[in-house]
Amino acid sequence: MIDKILLAGFGGQGVMFIGKVMAYAGMLSDSQVCWIPSYGPEMRGGTANCSVIISDEEINSPVIDTADVGIVLNQPSYEKFITLIKPGGVLVVNSSIVEAAASRTDITIIRVPASEIANDLGKANLANMVCLGALLSSLNLINNISIKKAVETIVGSKKPELCQLNLAAVNKGIEYSVC
Amino acid sequence: MIDKILLAGFGGQGVMFIGKVMAYAGMLSDSQVCWIPSYGPEMRGGTANCSVIISDEEINSPVIDTADVGIVLNQPSYEKFITLIKPGGVLVVNSSIVEAAASRTDITIIRVPASEIANDLGKANLANMVCLGALLSSLNLINNISIKKAVETIVGSKKPELCQLNLAAVNKGIEYSVC
Amino acid sequence: MDKVLIKGNEAIAEAAIRSGCKLFFGYPITPSTEIMEYLSKNMPKAGGTILQGEDEVASINMCYGAAATGARVMTASSSPGFSLKQEGLSYIAAAELPVVVVNVNRSGPGLGGLGPAQSDYFQCTKGGGHGDYRLIVLAPSKGQEMYDFTMQAFDLADKYRNPVLILADGFLGQMMEPIELKERPAVNLPAKDWVTNGCRGRNKRKIASYALTNEIGEANCMYWQTKYKQIKEEEQRWESYQADDAEYLLVGYGTCGRIAKSVVINARKHGIKLGLIRPISLWPFPENAFKRHISTVKGIVAIELNAGQMVEDIRLAVNCKIPVELYNRQGGMLPTETEIFQYVSQVFNLKLPEEG
Amino acid sequence: MDKVLIKGNEAIAEAAIRSGCKLFFGYPITPSTEIMEYLSKNMPKAGGTILQGEDEVASINMCYGAAATGARVMTASSSPGFSLKQEGLSYIAAAELPVVVVNVNRSGPGLGGLGPAQSDYFQCTKGGGHGDYRLIVLAPSKGQEMYDFTMQAFDLADKYRNPVLILADGFLGQMMEPIELKERPAVNLPAKDWVTNGCRGRNKRKIASYALTNEIGEANCMYWQTKYKQIKEEEQRWESYQADDAEYLLVGYGTCGRIAKSVVINARKHGIKLGLIRPISLWPFPENAFKRHISTVKGIVAIELNAGQMVEDIRLAVNCKIPVELYNRQGGMLPTETEIFQYVSQVFNLKLPEEG
Amino acid sequence: MAKVTVFHEYCKSCGLCIAICPNKVLEIGDKANQKGYYTVRTNDESKCTGCSLCGIMCPDLALEISK
Amino acid sequence: MAKVTVFHEYCKSCGLCIAICPNKVLEIGDKANQKGYYTVRTNDESKCTGCSLCGIMCPDLALEISK
Amino acid sequence: MQKVFTRPKGLTELPFHYCPGCTHGIIHRLIGEVLDELNIIEDTIGVAPVGCAGFSLDFFSCDFVGAAHGRAQAVATGIKRALPDKLVFTYQGDGDISAIGTSHAIHVAARSEKITSIMVNNAVFGMTGGQMAPTTLSGQVTTTSPYGRDSAAFGNPIDLPKIIATMDGAAYVAAVSADSPKNIIAAKKAIKKAFQVQQLGLGFAFVSVLSTCPTNWGLSPVESIKWLQQNMLPIYQMGELKVNKEVEAI
Amino acid sequence: MQKVFTRPKGLTELPFHYCPGCTHGIIHRLIGEVLDELNIIEDTIGVAPVGCAGFSLDFFSCDFVGAAHGRAQAVATGIKRALPDKLVFTYQGDGDISAIGTSHAIHVAARSEKITSIMVNNAVFGMTGGQMAPTTLSGQVTTTSPYGRDSAAFGNPIDLPKIIATMDGAAYVAAVSADSPKNIIAAKKAIKKAFQVQQLGLGFAFVSVLSTCPTNWGLSPVESIKWLQQNMLPIYQMGELKVNKEVEAI
Ligand SMILES: Cc1ncc(C[n+]2csc(CCOP(=O)(O)OP(=O)(O)O)c2C)c(N)n1
Ligand SMILES: Cc1ncc(C[n+]2csc(CCOP(=O)(O)OP(=O)(O)O)c2C)c(N)n1
Ligand code: SF4
Ligand code: SF4
Ligand code: SF4
Ligand code: SF4
């Protein structure tokens, strides 16, 4: 079993962070994982994106041509990455800032007003975690338990309350997931 | 026909210069020539030496393992180079400053009090030219005519009188040559 | 033992610390900078010294000085910066100083791009600097190897008194994978009885790389060559996968090696007898890995992130007895499994497997 | 036309002036310094500019700048200094700037010695710098070729917009031979419509070597490779001597090439069917020179002043179909005719010729 | 009477112009440009004196001032 | 009463000692050493005051002075 | 109504790729205005560094050459020696010119190369993600000085203009800042003079400009300006550090 | 009768390979005496340059490392960082340190490396046969300035000690000369102080010594001394150019 995940948004929206959380979640549940950032001069105030592979077998080729699922947090990313999701795949969209024209019918597009939800939770920059929650049920090898462990190892140790907030955001997101 | 010539002495004794004169003489009489200096850190205040090849055919290998003839202007050079003369070859020695123990019988050693002669000519640093004169008759492809041309092209143009002096020294040397 | 999720560059840095590396001299350059950044945080805690040189030339020569005292020392850079280290590396090799160097290959020539590449293969394996010297070159293909090979590099450097190079690429440097932080293996190494650390109670020593005469120069060269010969005999390293019964072989190192492995697995599913040889030591090139296959293998495809460099060493290793084709991507691009698989089937015209 | 007796280094310098080289940037190093010293005297008279840079890195980058304006420019150095130019050369190749570079090879690695060597062969032919680029490399074997090849180098550089390297050795640089000061041959070269010399009356131009994306990077690499392919097809150069009916071949370039020629002449006197192939272009390596001999020649001996580098290219050129042995000297030493002759007879056990 | 024009595609919403304007003419708007930046807009143009301080501080030449 | 000793194999006949000696104690001799340099010698030792100026100027440590 | 402030001809239409609030853009504009006002766009060749300004080749209307990291002044020397009648300038980050480029900076001044160099000092290596530069302030936190720059181990920041000003060959040396309208106007004057010095062939002209790096300083653009004013202005000697006689005449 | 002047223990017995009258030898002796007097022979590692002093490794009694041309100070930095309690010094020609080595000279001072550097300034590249160095005087004829150094094209000679003295990190900078007993004694004092500064860990210590090159100047040893006195002494700023507070205490 394998999950190939694409994550994209602005620098500062915490794209790399949710990638790390998922990779950790996979690792803590003894799957093979690898987290691949995109890097380069485009960085300069541009979009940030990374991909995560979670697998129950050794991960040889870490090159993702098409992904099973993805999360996009802003418009440019949506346009750039919607084409890279496999037919039958799932794409979570932060509908608060992305107008997702239903350009594809062969994949499930989950629209989550993540920014609003995050604002309600009192932390605008938790939109990423909300979207992560919305994607969870579409993943084979990690779930909200492993995510909890992951968030605790990464954030928790330092600031427990922040940890709670993050998990709250995840749970809000889960409400939007396809079951 | 080919002349392989070794020349050695102190820096400043004009070793490189007589090498150049012979090479020029060869060139002006349409022989193939090549002049090979030794260079390196040993230079620092050490001995100077070079070799000259004059040939009526294309000179391919310019590497001299043993020479037909040679000139040594100081003691260290004498000891270093006497072994490198082919049996039957000729070695001109500046006997004014070199005590040439007759260490080899299979070669002709021409002892020339070159420094004295040069002093008599009024220019101590002409010892090199005197020795060159002494070697001339042992060479196949250059003679005092071509040497005259060579000296004139190298020195002459600039200072004719110096040119005369050089040739005078050569002629003095010739008196010592083996006939 | 539990694992940490860190970048390949960080794995190299952590391994250096745990190998007893006490000094690091470097100059930032993408995509290798995380090595220096990680060490800036953690080297001091470990009682080591990290210094950012004014440039790569300074850094490599600082390594020369530190190594002369017997301390374990490392530097890291990427292609353009690595080019600037060539004179220094030649001096280090000539003075026989154990220094570990990392080159996280980015695409060139010139300023090029930051993407992963293997375009420095010749520079790294045949000597980018002047004179006949060799670096021992290790090519990791995953995070754990970034860690393990770095530890081995320090021991190899001390064992042979020779600079050792870790040749990675931007992809391996930036990717995060779970790393097991193994302890440094116990190996016994020759005593460093040659170091210049002050001559208290012994005769003065010198470390230099010049030859006053050509005769001495030749003697030195011949001595170095015997050392290199020994390394060639003792240190060839590679991974073979499904090679024994293989009719066709993929050969790739680093990132290409792991992608190629996927291709082999996939091909085997389709009943194609494809195998993999993944060179680990690029110098010495693992010629021994190929010997036993020369009679059995029908064709080889080299997978490289360059215009075709290692392919020459493969041809020499098989004594030109097997056709060696090249499938390559350049400029920072990576090949996909599918691409490679298609190329292999096509070049050796194997019947294309049915989908699925 | 009458000749002058000058050093090989001076022949290069004079040829540069007569090729319309208008700028020279260098830094002294034995045994190449006479090039700069000669130009310091004569370049200004010829209306050119000579500048001694603060080091080799500065010098090569000054060449980059001068070449960007379309002017003919040259630099020269020897092994350690040449190593320092590697990053700059990679940039020059990537920016496709015509620059002529001279490396008067001395023995390495490290400070090494000043004697003649060919130990920079790999560095010069496979790219001592980062990335997949190539220098066109010409190897003269006598004073007249130091002169002629320098003139050709400037034309090749302009024709292909590529750096061209003259690879000599200390022996060739220091030796004096009669040189015929030929006039610059008339060749028609592509217009330099790419230079950055101020955009008066045209659109602005830029000269750079970066790739913003991996896709662009790959496109660039592929473009360069097509250029290199063309050079490979059009510019292979070599001298064959007594090769047509040869049973055995000597292969050597530069100084080794001329020594080898003496050996061939001598061997023929003894009725041994020995021939010579003297590579002139080291990159592109003259593979075509070997094709027609593959079926007829029984054995090859490569003569090199290094630990054995070109020997790999020879093996690849003959597709490993002929045994290729190596006779080499190192560290500044030169082989004598006798040595080589003895080695050849022994390795192919030919009966040793009677003396005389 | 003066006028400040915003070239929205050049603006990166850095706010340096807002901070420098003595007359609080500028503010961050609610429309994002192609790049996704919420660009500045003028709230009350009449207050603009054309002093050009905003233009001088703008790193991206997103402002043009007329008088 | 002082004494200057010349280590002939170290002397390179540069003459700096001769030039500096206030008492003209030193002169170039007529014997060449191994390297072929005509080394310095003392002409009249009694004139030596042991001021050591020659030693200070000698680049090759060919002189030793005692007092 | 007519335009009192608009884009100078010295710049192309291409939007800058710099981060929001990065004052590289302000300095670009000043140079663009100077090229424009001196009417030298068609006679000037610029040399770009490697750094965030590495892509500035496309932003200026004049010919441009991209140099290797730190080599801009060597490249500019080559261009100027080939085209003595053209104007040549380098645009370099503090890392580019005062770390890897140090010896060129010194020797260009020593030789009094007739070129103009602009150094943009943001106290970090920006392009590579905010490492320590020779110009990083004591105690300043960067990714390679995570505990703050330790002067005992790494020394105090280099003040390159101060060093260059001590050299005969430097005809004009100024240190300015891009933090406020007043200073930006002064910066423009200095840059303009630095080009005029070259036009008159008076020698090497050097202008250092203090600049922000919000991204790597981890501050907002507005905070960054304050940080520069509070921390950098007091440390670096500002003003015209060297104005040789002929230059005063301008 | 006892020896009042003899060979110091800091030097080996090996005769110098320098040309007759070359004052490299005098400077070697002074360093040898200092190593001896401070009793630090066994705690010192010297770094040799590439140049005529490239073989000095054999002349001193302490451990020695041979660096690449111009890199002695980088190598010394590596040694000192590895062995902070040992004494490390570099011995470099003017070409080695002020041409190819420039950036190391500047940054060693900037970082205030706790090392001692001795620069031997003979106004030419000696080892390679007398080419122009950054220190070559205006009008001076060398093999690469055959018509005399043209300051318009190549600039005026660099006065490195003067530059280094302007930098915070330089604790002690002195410019001395090996031309006369008086100056040689002063040179010795400066060199000794430069080692004491390092012993006390006060910062970077730098001593430049004017020296002769009879061979490449084409003058006799005695004429060379005069040439140095008449031509070099007036040009180069002499004396203690930088003595920071702690150093004064010595
Ligand atoms: C030889 C080499 N070394 C290192 C690098 C990596 N590098 C690129 S830009 C840079 C420094 C950028 O800082 P700065 O010059 O201050 O310019 P900024 O980006 O801050 O404007 C470095 C170290 C490189 N490209 N080449
Ligand atoms: C990288 C490199 N470039 C150039 C050289 C050649 N080289 C050797 S010594 C030297 C300069 C010597 O002059 P200086 O440093 O003044 O010392 P001196 O010989 O005058 O004492 C040069 C250019 C070299 N060995 N290595
Ligand atoms: S010690 Fe003084 S007096 Fe004696 S020889 Fe030397 S210089 Fe002359
Ligand atoms: S100074 Fe020394 S080397 Fe020179 S002549 Fe006198 S004793 Fe000899
Ligand atoms: S990283 Fe810093 S210097 Fe570079 S563009 Fe962004 S803000 Fe400007
Ligand atoms: S060349 Fe000059 S510096 Fe070198 S040893 Fe001879 S005199 Fe001294």
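Residue numbering restarts at 1 for every chain, and letters A, B, ... go by the order of the sequence lines.
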Distance-only polar pair, side chains of G:Thr212 and G:Thr23, donor-acceptor under 3.5 Å = yes

Rounded to the nearest 0.5 angstrom, the CZ-CG distance for G:Phe204 and G:Asn244 is 13.0 Å

Using a cut-off of under 4.5 Å for heavy-atom pairs, which of G:His104, G:Lys80, G:Gln73 has the most such pairs with chain D?
-> G:His104

For residues G:Gln131 and G:Thr128, is any side-chain donor paired with an opposing acceptor at under 3.5 Å?
-> yes

Would D:Glu14 and D:Tyr38 count as having a side-chain donor-acceptor pair, cut-off 3.5 Å?
-> yes

Sort out for me which of G:Ile106, G:Val65, G:Leu87 touches chain D most, counting heavy-atom pairs under 4.5 Å.
-> G:Val65

Answer key: most heavy-atom pairs under 4.5 Å with chain G among D:Val73, D:Leu23, D:Thr49, D:Leu51 is D:Leu51

Kindly indicate whether a cation-pi arrangement holds for D:Arg161 with D:Trp194, taking the cut-offs as under 6.0 Å to the six-membered ring centre and within 45° of the axis.
-> yes

Among G:Thr77, G:Val47, G:Thr44, G:Ile45, which residue forms the greatest number of heavy-atom pairs with chain D at distances under 4.5 Å?
-> G:Ile45

Tell me, side chain or backbone of G:Val50 under 4.5 Å from chain D's heavy atoms, or both, or neither?
-> side chain

The interface call for D:Ala58 against chain G, heavy-atom contacts under 4.5 Å, is both

With a 4.5 angstrom heavy-atom cut-off, could you sort out which part of G:Ala72 is near chain D: side chain, backbone, both or neither?
-> neither

